[in-house]
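Notes to accompany the following structure.
By convention in this document, chain letters (A, B, ...) are assigned in the order of the sequence lines, proteins followed by strands, and residues within each chain are numbered from 1. None of the values given here were measured: they were computed from a predicted structure.
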2 protein chains.
Amino acid sequence: MRQRLPDQTISAWARLQRASQSVLSAVESDLKAAGHPPLAWYDVLLELKRAGKDGLRPLALQSQMLLAQYNLSRLLDRMAGDGYIERRPCPNDGRGQIVVTTPAGRHLLKRMWPAYEAAIQRHFAERLSAEEATRLAHLLGKLSPR
Amino acid sequence: MRQRLPDQTISAWARLQRASQSVLSAVESDLKAAGHPPLAWYDVLLELKRAGKDGLRPLALQSQMLLAQYNLSRLLDRMAGDGYIERRPCPNDGRGQIVVTTPAGRHLLKRMWPAYEAAIQRHFAERLSAEEATRLAHLLGKLSPR
DNA sequence: TATTAATATATGCATTTGCATGTAATTGTC
DNA sequence: GACAATTACATGCAAATGCATATATTAATA
């Protein structure tokens, strides 16, 4: 321990816990109320869409989403079980897979967005000015890998 | 849906998810590596300590920690099982309880702090200047209840 | 003051997470 | 090019979480 933490730091830390907990669970709750699957499903589908035709290796999804390997593996199980994604063998690497969205998955992504956008608006965006959002994004960017 | 979300807002939102996930799990992991219970245990003990001699109703802890009622109930089960807290009948309200720390609980709070402080330093504080921490605290404060 | 509604907390059961480890393929080394 | 080490992903089992509902008590109403 090099030095005692200053009060503003402790306060920022406490608020990070509270704010993320509060906003994330409110958004999750709105999604569920609209009859949709959890946020993580949306995130997976979005990453896959961004990745395009070739899909993504689970490994890449993992580091993008900061999800534990076994959690992603089971999340993909569930999403594949519901027909939203497909696992394909990876041509370059026999151990790996390529994950791609199905048409149903791409459709789900579209269907979820209105509820998701409204939830972000209600629980997050509404509480910040444009400038505040920019500053917050900048500060939070310092806290996660790359 | 009143309006499309601006890009900075979406970016801030995405970074809130990533940053909180990244930092919280890193801190949890350091605590566990040091042989300590999860963060939530520390939070409970700290709130109880702040509340002083009279302890707290679970209801109060719940809203302070933004924890679901059943989750808090079971968290208290575990902590009581390990002897860190005690549930006492509530004099004013026969339905309720008063939760207080035991000596072992107060001791745990002290023992956990060095590892916790170091983890906050390493994964959070180190990445922000004092001024940035202040600004971050201010912005995050807008996002959670009161 | 019965009776109904609301509140505080607990709990059975299904789902999810975490941990440890398994399996199969690939890479590195000699 | 054989063999050990590493990597990618899966999985059995225990713990935690979420959901629905139960139980006991207090507050509200008629």
Under 4.0 Å protein heavy-atom contact, by nucleotide of nucleotides 12-19 of chain D - B base, S sugar-phosphate only:
BB--SSBB
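Residues A:Arg135 and A:Glu131 are paired through a salt bridge, judged by an N-O separation under 4.0 Å between the basic side chain and the carboxylate.
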Could you list the donor-acceptor pairs under 3.5 angstrom formed between side-chain atoms of residues 103-112 of chain A and any protein atom two or more places apart in sequence or on another chain?
| residue | atom | partner | partner atom | Å |
| --- | --- | --- | --- | --- |
| A:Arg106 | NH1 | A:Thr101 | O | 2.9 |
| A:Arg106 | NH1 | A:Thr101 | OG1 | 2.9 |

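Across the interface with DNA chain C, nearest-nucleotide mapping of A:Gly94 and B:Leu76 shows B:Leu76 to be the residue nearer the 5′ end.
In the hydrophobic clustering (ILVMFWY side chains linked at under 4.5 Å, chained through shared members), A:Ile98 is joined by A:Val100. B:Leu66 belongs to no hydrophobic cluster, as no Ile, Leu, Val, Met, Phe, Trp or Tyr side chain comes under 4.5 Å of its own.
Going from atom CG of A:Asp93 over to atom P of D:dT7 covers 12 Å, rounded to whole Å. The CZ-P distance, from B:Arg95 to D:dT25, rounds to 10 Å in whole Å.
Taking 3.5 Å as the limit, the base of D:dA10 and the side chain of A:Gln69 contain a donor-acceptor pair of atoms between them.
Every residue meeting the salt bridge (Lys or Arg N to Asp or Glu O under 4.0 Å) condition with B:Lys142, not counting sequence neighbours, appears here in chain and number order: A:Glu132. Not counting sequence neighbours, B:Lys49 has no partner by the side-chain hydrogen bond (donor to acceptor under 3.5 Å, both in side chains) test. In this structure, the side chain to side chain contact (heavy atoms under 4.5 Å, CB included) partners of A:Arg78, at least two apart in sequence or on a different chain, are A:Trp41, A:Arg74, A:Leu75. Applying the salt bridge (Lys or Arg N to Asp or Glu O under 4.0 Å) test to A:Arg122 and every residue at least two apart in sequence or in another chain returns A:Asp30.
Bounding nucleotides for the chain A contact on DNA chain C, 5' to 3', at a heavy-atom distance below 4.0 Å, are C:dT16 to C:dT26.
Each side chain to side chain donor-acceptor pair (under 3.5 Å) pair with one or both residues in residues 53-70 of chain A, not counting sequence neighbours, appears once here: A:Arg57-A:Asp93. Evaluation of the ring-ring contact (aromatic ring centres under 6.0 Å, His included) test over residues 124-145 of chain A, restricted to residues two or more places apart or in two chains, returns A:Phe124-B:Trp13.
At least one donor-acceptor pair closer than 3.5 Å links the side chain of B:Ser20 to the backbone N or O of B:Leu16.
Between D:dC9 and A:Ser73, no contact under 4.0 Å exists linking OP1 or OP2 to a side-chain N or O.
Proximity of residues 45-59 of chain A to DNA chain D (heavy atom under 4.0 angstrom from any strand atom) is restricted to A:Arg57, A:Pro58, A:Leu59.
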